[in-house]
Amino acid sequence: MAYDAQDIASDEALMVLYANGDRQAARALAERVTPRVLAYAARMLGGDRAEAEDVAQETLLRLWRMAPDWRQGEAKVTTWAYRVATNLCIDRQRSGRRKGQVTLDDAPDLADGAPTADQRLQDGRRVAALEAALAELPDRQRQAVVLRHIEGLTNPEIAAVMDIGVEAVESLTARGKRALAAVLSGQKDALGYEDDGHAG
Amino acid sequence: MQDKDLDGLFALAARDRPTPSPALMDRVLADAMALQPQPVAVRAAPAPAPGLMTRLAALFGGGPVLAGVCSAMVAGVALGYLQPASLDLLTGGLAGTGAETLDLFPSADFLTNEG
C-alpha cells in the first residue's frame, strides 16, 4: 500500500495492515501513536522525559504484540494505547521510580506584574505553570483532565481508558478543573491574566 | 482564573506536545519490525500424487494411446470367443465360397462365332 493511502487509513486499518506484514503501516502507526502517548505519559509522570519515553516504547511494544489478535470495531487504537500507558504510568508512580517530578517550584520564576515582551515566552511560562499545577492534582483527576482537555478524548473514551463510568469521568474532570483554577489563581497576574474577582 | 483562561491554557498545552526523539522512534520501529508477522506468501496447492491409471497411461504413451490399446484388446477377446459361423455377420457369407472358374468376359462370345 502506498504511503499516501496510509495517511488517510484509520489506525485500526493500519493495525490490520501491520499484522499482514506491511512495513509502511508500522511506520505510519508509530508516527501517529508515539507522540500522543509520549505527551500523555510526560504529563502523567510530572515531566520526566526519560520515564515517559520508556512508557511510550513499552506501550507501542504491547501494541505490536497484540496486532495479530486485533479486532476491528471493538476499540480505538488510541484509546487502547492511552489505557496501556495509564497503567504503565501508575505502575511507575507506585514503584517510586519516577524521578525529576515537576512541581510548582520548578515553574519559571515570574516577577509579579513583569511585562512579557515575547508572546512565545509568555506561552511557555503558562504551559509550564499548567504542567506544574497538573502535577499537584491527585492521579485520577490529572488523568481525566489531561485526557479530556489536552488529549481531546470524549468522556466515554476516557471512561474506557480509566475503566470507570462516564459520570465518574465528569466528576473527576470538574473537580480537576476547579483544583487547577485554585492552584493557578495565585499566579494569574504573573501569567498575564486579568483579575476577574473570583476563581473558576 | 476564569474558565476561558483555563481553556486557553489547555489549548496551549495541546499544541506544546513534545516531539519524540529520533532515538525513541528508532527503538519503536525496531520493535515493530522485530515483532511484525511475516507476510503470508500465496502458493499454488501441491499437485496430487499420480494415481495408478495415470502412471499406466504414461507407460503406454498417454491416455489416448492406452484407450486404443484397450479397445484392440477388447475386440480381440470378443473375436476369440465368438463361433466361426457367426463371422458371417462380418463377411456376408462370402468366406469359404469356392472360386474355381472365373469368367472374365462372359459376354464376349460374339467375337469367336463365325458368320
Side-chain angles (χ1 to χ4, degrees), chain A residues 18-23 25-27 29-31 33-40 42-43 49 52-54 56-58 60-61 63-65 67-68 123-124 126-131 133-134 145-146 148-152 177 180-188 191 193-194 196 198-200, chain B residues 1-70:
Chain A
Y18 168 77
N20 288 335
D22 189 326
R23 291 183 170 239
R27 178 175 293 278
L29 203 51
E31 289 176 350
V33 178
T34 307
R36 299 185 71 167
V37 173
L38 177 65
Y40 174 65
R43 291 193 169 98
R49 176 68 182 241
E53 289 202 353
D54 285 348
Q57 184 181 359
E58 178 65 24
L60 271 292
L61 185 72
L63 189 72
W64 307 134
R65 279 183 180 148
D123 289 346
R126 288 177 173 178
V127 171
L130 176 65
E131 302 283 4
L134 281 169
V145 168
V146 170
R148 181 71 185 93
H149 295 291
I150 299 178
E151 298 300 323
K177 281 187 73 173
L180 279 179
V183 171
L184 292 169
S185 61
Q187 303 180 64
K188 58 179 180 292
L191 293 172
Y193 295 114
E194 295 178 358
D196 56 309
H198 66 277
Chain B
M1 178 69 64
Q2 300 181 36
D3 270 354
K4 66 178 179 62
D5 297 332
L6 209 47
D7 290 340
L9 279 178
F10 290 141
L12 279 177
R15 289 198 298 270
D16 190 47
R17 180 169 288 172
T19 304
S21 65
L24 173 61
M25 291 305 294
D26 287 346
R27 293 201 302 272
V28 168
L29 287 173
D31 290 341
M33 296 302 115
L35 294 172
Q36 186 166 35
Q38 294 302 308
V40 179
V42 179
R43 297 177 183 171
L52 176 63
M53 289 304 294
T54 305
R55 291 201 300 270
L56 195 59
L59 187 65
F60 280 88
V65 175
L66 180 62
V69 169
C70 290

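Below, read A as the first sequence line, B as the second, and so on, with proteins coming before strands; counting in each chain starts at 1.
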- From A:R27 CZ over to B:M33 CE, what is the distance, rounded to the nearest 0.5 angstrom? 7.0 Å
- Query: At a heavy-atom separation under 4.5 Å, does B:L9 approach chain A through its side chain, its backbone, both, or neither?
  - Reply: both
- Are any of the side-chain nitrogens in A:R65 or B:D31 under 4.0 Å away from the carboxylate oxygens of its partner? no
- Task: Would you mind checking which part of A:V145 comes under 4.5 Å of any heavy atom in chain B, side chain (CB onward), backbone (N, CA, C, O), both or neither?
- Result: side chain
- Check side chain to side chain donor-acceptor pair (under 3.5 Å) between A:Y18 and all other residues, then give those that pass, not counting sequence neighbours. none
- Message: Between B:L6 and A:L184, does the side-chain contact (heavy atoms from CB on, under 4.5 Å) criterion hold? Intermediate values first, please.
- Response: CA-CA 9 Å; B:L6 209 47; A:L184 292 169; 3.9 Å; yes
- Against chain B, label A:L61 side chain, backbone, both or neither, depending on which of its atoms sit under 4.5 Å from a heavy atom there. both
- List in chain and number order the residues that pass side-chain contact (heavy atoms from CB on, under 4.5 Å) with B:A34, two or more places apart in sequence or in another chain; answer none if no residue qualifies. none
- Specify the closest pair of heavy atoms between A:A39 and B:P18, including all atoms of both residues, with the distance to one decimal. CB-CD, 3.6 Å
- Please name the pair of heavy atoms, one in A:A26 and one in B:A32, separated by the smallest distance, quoted to 0.1 Å. CB-CB, 4.0 Å
- Task: Verify side-chain contact (heavy atoms from CB on, under 4.5 Å) between B:L12 and A:L130, making sure each step is shown before the conclusion.
- Result: CA-CA 10 Å; B:L12 279 177; A:L130 176 65; over 6 Å; no
- Query: Which distance, rounded to the nearest 0.5 Å, do you find between the CD1 of A:I150 and the CZ of B:R15?
  - Reply: 12.0 Å
- Message: Tell me the closest heavy-atom pair linking B:L35 and A:W64, and the distance in Å.
- Response: CD1-CB, 4.0 Å
- Note on the structure: Shortest non-hydrogen pair, B:L24 vs A:A56, comes out as CD2-CB, 4.4 Å
- Query: Do A:R43 and B:R17 come close enough that some side-chain heavy atom pair is under 4.5 Å?
  - Reply: no
- Note on the structure: If one checks every heavy atom of A:A30 against chain B at 4.5 Å, the contacting part turns out to be both
- Item | Under 4.5 Å from a heavy atom of chain B, the part of A:P68 involved | side chain
- Side chain / backbone / both / neither for B:L29 at chain A, heavy atoms under 4.5 Å: side chain
